[in-house]
Amino acid sequence: MHPPSRLLVLLHAGAVHPPSFRVLLKLHAHHLVSGLLSSHSTSPFIDRLVAAFAHSDPASPRPLLHALAILASLPSPPDSAFPYNAAFRALSLCPHQHLVDRHCLPLYRALLHSGSARPDHLTFPFLIKACARLQYRSYGAAVLGHVQKLGFSADVFVVNAAMHFWSVRGPMAFARRLFDESPVRDVVSWNTLIGGYVRSGLPREALELFWRLAEDGNAVRPDEVTVIGAVSGCAQMGDLELGKRLHEFVDNKGVRCTVRLMNAVMDMYVKCGSLELANSVFERISNRTAVSWTTMIVGHARLGMMEDARMLFDEMPERDVFPWNALMAGYVQNKQGKEAIALFHEMQKSKVDPNEITMVNLLSACSQLGALEMGMWVHHYIDRHKLHLSVALGTSLVDMYAKCGNIKKAICVFNEIPVQNALTWTSMICGLANHGHADEAIEYFQRMIDLGLQPDEITFIGVLSACCHAGLVEAGRQFFSLMHAKYHLERKMKHYSCMIDLLGRAGHLDEAEQLVNAMPMDPDAVVWGALFFACRMHGNITLGEKAAMKLVELDPSDSGIYVLLANMYAEANMRKKADKVRVMMRHLGVEKVPGCSCIELNGVVHEFIVKDKSHLDTNAIYDCLHEITLQMRHIANLIDISESGSHI
DNA sequence: GTAGGGTTAG
């Protein structure tokens, strides 16, 4: 007998134990499916086979596809909901969105039209959960309608699934109404609602429910899942004292102290700003998981302790994609783009596959470094590996092209990506503004508003800087007041400095000064710098001196401002004052701080500081620099001659 | 059978 056929017989007889059954399925899936379809298997056997496929590795799409294939090609439809339920369960866990989208509803229709099988109380929890992940929300709502019609509205599992559906898809109020009106509530009902509030960014509502449940005398007791929800909500609020109280609750109220709960507590301490407390929890976990380690990496990265983050990363026994992404994100957040890219190259040598989040981090690193070639390579990589183009990834691409100097490509990508949100539009507006396309930036802003998207603080930095670059004083004034009056956005330092720069350049020095005085925060060096620049440009020595003094106050070691002040005096023919500043500078011993610049060549980023001789090709570089300097002098002379010629 | 912890954009 052919081995797979023998296997079928064995399986028919129920002679294979479940673990071996699973292995055999993996090895002989194709033969089994074809063998089964050509034989006359009994219904219970088909049920078992479908269920076994559906229950195996949820991360892999293959077993699920086998299960669906069997269901679709049976000579006569199954007479119970059991195999369908198993398939719905697999769909509800399936990480591949397109499979859920393609198969969920056809499968439900097949069940409804099968003749003998009817959806039962096990069907809906899985089906509804799968529906929560569908692109089209109306399907889920229709299924919930069936639930009512078929009389499952009082089944607590079904109600909980429905609450989960609304808490994922919104509005949260629908989940709440089900909770309030449901005749039956168990701990999962509470946990679902609490989790839903946390997911929707409503931690206060979550905590309110938690304390209500935690009151003594309740029939339902909070369990560790409840506390995970409460602790996550607390993490969102950043309330350390509340966090400590919740941590104590675990010890006092006999909640099971699982690794998952301790991980949530660690995460809460990190987000509430106490790395020490997070670390003390971490030290006490005996069976740490990858999540525990990743949380600590994130905790150190948030405080800029990237060397410690790296040590934790190296110490981890096993690394999935999360710690790689967390460390890379840490480098990006701490403006260490080079290290982020180096880590990616390390990652490629390891066995871990990058995902779209890796790409988002990588693109941010490219934007920071202006590394266009690397950025384009990432774009290509995303296409080649068919990574999901999420809004975040699309936005990162747009931003990378804009920041790396290719605004045309940024616009192109912006038009091609499937979904744009307020952040994507903002990125485009800022990119256009930085490239000097003020009119387009403002046009994009208008289109964004017409689409009903909410601009935020950064969107307004984009339009204001567009106005600034183009000298659009009136438009700038309007945006500046609009952001406060209409959009109720807080005007930050950056908005004020932009506005003061705009007013100052246009010669509205009084208005600029008034704005500086009216600012709700202490003006920073950028604000005074903009005012100083405007004063120098328009010859307002008195106000210029005031601005310069403020700049010296803010950073006495910054030599630049002394030079600029001396220059301003010199330009105004105030020789004595100019000399005085130069003497003062020598007395104070201020020196110029070396600046750093970098350049990307063939995908490698090279860094340079002033008078840097450390590069391998230093001689060639300085020869080239010398040559360029000579050429520039030559051109400058030519321009000088032609300009003085035109004046004669 | 339902709920739950770690990585992401401007």
Side-chain angles (χ1 to χ4, degrees), chain A residues 82 85-86 88-89 92 120-129 132 155-165 167-168 186-196 198-199 223-232 235 258-268 270-271 288-299 301 320-330 332-333 354-364 367 388 390-400 402-403 410 417 420-431 455-459 461-462:
Chain A
F82 181 83
N85 295 349
F88 285 132
R89 180 182 183 274
S92 77
D120 61 20
H121 64 116
L122 294 178
T123 309
F124 288 109
F126 297 130
L127 174 59
I128 295 169
K129 195 185 170 194
D155 183 307
V156 71
F157 284 88
V158 177
V159 174
N160 290 346
M163 277 172 50
H164 175 248
F165 175 84
S167 80
V168 169
D186 61 6
V187 69
V188 178
S189 322
W190 288 83
N191 294 349
T192 305
L193 198 62
I194 291 173
V198 172
R199 204 180 304 110
D223 63 4
E224 72 273 12
V225 181
T226 327
V227 186
I228 288 173
V231 162
S232 311
T258 59
V259 194
R260 284 182 157 220
L261 176 52
M262 285 304 103
N263 289 340
V265 170
M266 274 169 54
D267 178 60
M268 176 274 295
V270 163
K271 291 191 174 135
R288 293 169 191 155
T289 63
V291 179
S292 328
W293 288 91
T294 306
T295 307
M296 287 313 288
I297 291 173
V298 172
D320 60 7
V321 69
F322 281 80
W324 286 97
N325 288 346
L327 189 62
M328 204 180 292
V332 170
Q333 282 148 16
N355 63 12
E356 64 254 34
I357 290 166
T358 321
M359 296 301 136
V360 168
N361 288 323
L362 206 47
L363 286 168
S364 294
S367 301
H388 173 61
S390 63
V391 212
L393 188 50
T395 306
S396 304
L397 272 174
V398 169
D399 190 60
M400 181 277 295
K403 290 229 172 84
I417 56 178
Q420 297 114 335
N421 66 10
L423 274 76
T424 324
W425 283 88
T426 298
S427 182
M428 207 56 246
I429 291 165
C430 293
D456 67 5
E457 283 95 348
I458 300 176
T459 321
I461 289 176

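A quick note: this is a predicted structure, and the numbers were derived from the prediction, not measured. Just the heavy atoms: all of them, side chains too, but no hydrogens, waters or symmetry mates, feed the values below. Proteins come first, then strands; the chains are lettered A, B, ... in the order of their sequence lines, and each starts at number 1.
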In whole angstrom, give the distance that lies between atom [atom1] of [X] and atom [atom2] of [N].
{"X": "A/Arg260", "N": "B/dG6", "atom1": "CZ", "atom2": "P", "value": "10 Å"}
{"X": "A/Trp190", "N": "B/dG4", "atom1": "CH2", "atom2": "P", "value": "17 Å"}
{"X": "A/Met359", "N": "B/dA9", "atom1": "CE", "atom2": "P", "value": "15 Å"}
{"X": "A/Leu362", "N": "B/dA9", "atom1": "CG", "atom2": "P", "value": "13 Å"}
{"X": "A/Asn160", "N": "B/dG4", "atom1": "CG", "atom2": "C1'", "value": "13 Å"}
{"X": "A/Ile228", "N": "B/dA3", "atom1": "CD1", "atom2": "C1'", "value": "10 Å"}
{"X": "A/Met163", "N": "B/dG1", "atom1": "CE", "atom2": "P", "value": "20 Å"}
{"X": "A/Arg89", "N": "B/dG1", "atom1": "CZ", "atom2": "C1'", "value": "8 Å"}

As a test of reading the structure: which of [options] is closest to the side chain of [X], going by heavy atoms?
{"X": "A/Ile458", "options": "B/dG10, B/dT2, B/dA3", "result": "B/dG10"}
{"X": "A/Thr294", "options": "B/dG10, B/dG1, B/dG6", "result": "B/dG6"}
{"X": "A/Thr426", "options": "B/dG6, B/dG10, B/dA9", "result": "B/dG10"}
{"X": "A/Leu122", "options": "B/dG10, B/dA9, B/dG1", "result": "B/dG1"}
{"X": "A/Ala392", "options": "B/dT2, B/dA3, B/dA9", "result": "B/dA9"}
{"X": "A/His121", "options": "B/dG1, B/dT8, B/dG6", "result": "B/dG1"}
{"X": "A/Val360", "options": "B/dA3, B/dT7, B/dA9", "result": "B/dA9"}
{"X": "A/Thr192", "options": "B/dT7, B/dA9, B/dA3", "result": "B/dA3"}
{"X": "A/Ala329", "options": "B/dT8, B/dA3, B/dG1", "result": "B/dT8"}
{"X": "A/Leu423", "options": "B/dG10, B/dG4, B/dG6", "result": "B/dG10"}

What's [X] touching, base or sugar-phosphate or nothing? Going by heavy atoms closer than 4.0 Å.
{"X": "A/Thr459", "value": "base"}
{"X": "A/Glu356", "value": "nothing"}
{"X": "A/Glu457", "value": "nothing"}

Go through the side-chain N and O atoms of A/Asn325 and A/Asn355 and say whether any donor and acceptor fall under 3.5 Å apart.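 Yes - a donor-acceptor pair under 3.5 Å links their side chains.
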Judged by atom type as modelled, is there a donor-acceptor pair below 3.5 Å linking the side chain of A/Asp399 to the main-chain atoms of A/Ala402?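 Side chain of A/Asp399 to backbone of A/Ala402: no pair is present.
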Main-chain N/O of A/Val291 paired with A/Thr295 side-chain donor or acceptor, under 3.5 Å: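 Judged by distance alone, yes, a pair lies under 3.5 Å.
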Kindly say if [X] contacts the phosphate of [N], meaning a side-chain N or O under 4.0 Å from OP1 or OP2.
{"X": "A/Lys129", "N": "B/dA3", "result": "yes"}
{"X": "A/Gln420", "N": "B/dA9", "result": "no"}
{"X": "A/Arg199", "N": "B/dA3", "result": "no"}

Please confirm whether any donor atom in the side chain of A/Asp223 sits under 3.5 Å from an acceptor in the base of B/dG4, or the reverse.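 Answer is no: no donor-acceptor pair is held.
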No-H, no-angle donor-acceptor pair, A/Asn85 side chain to B/dG1 base, under 3.5 Å: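 A donor-acceptor contact between them is absent.
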A/Arg288: partners by side chain to side chain contact (heavy atoms under 4.5 Å, CB included), with sequence neighbours left out: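 Expected list: A/Phe282, A/Ile285, A/Ser292, A/Trp293.
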Which residues satisfy the side chain to side chain contact (heavy atoms under 4.5 Å, CB included) test with A/Pro125, sequence neighbours excluded?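 For A/Pro125 the side chain to side chain contact (heavy atoms under 4.5 Å, CB included) partners, ignoring immediate neighbours, are A/Phe157, A/Val158, A/Ala161.
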Given A/Asp186, A/Asn160, A/Thr226, the one that forms side chain to side chain donor-acceptor pair (under 3.5 Å) with A/Asn191: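 Among A/Asp186, A/Asn160, A/Thr226, the one meeting side chain to side chain donor-acceptor pair (under 3.5 Å) with A/Asn191 is A/Thr226.
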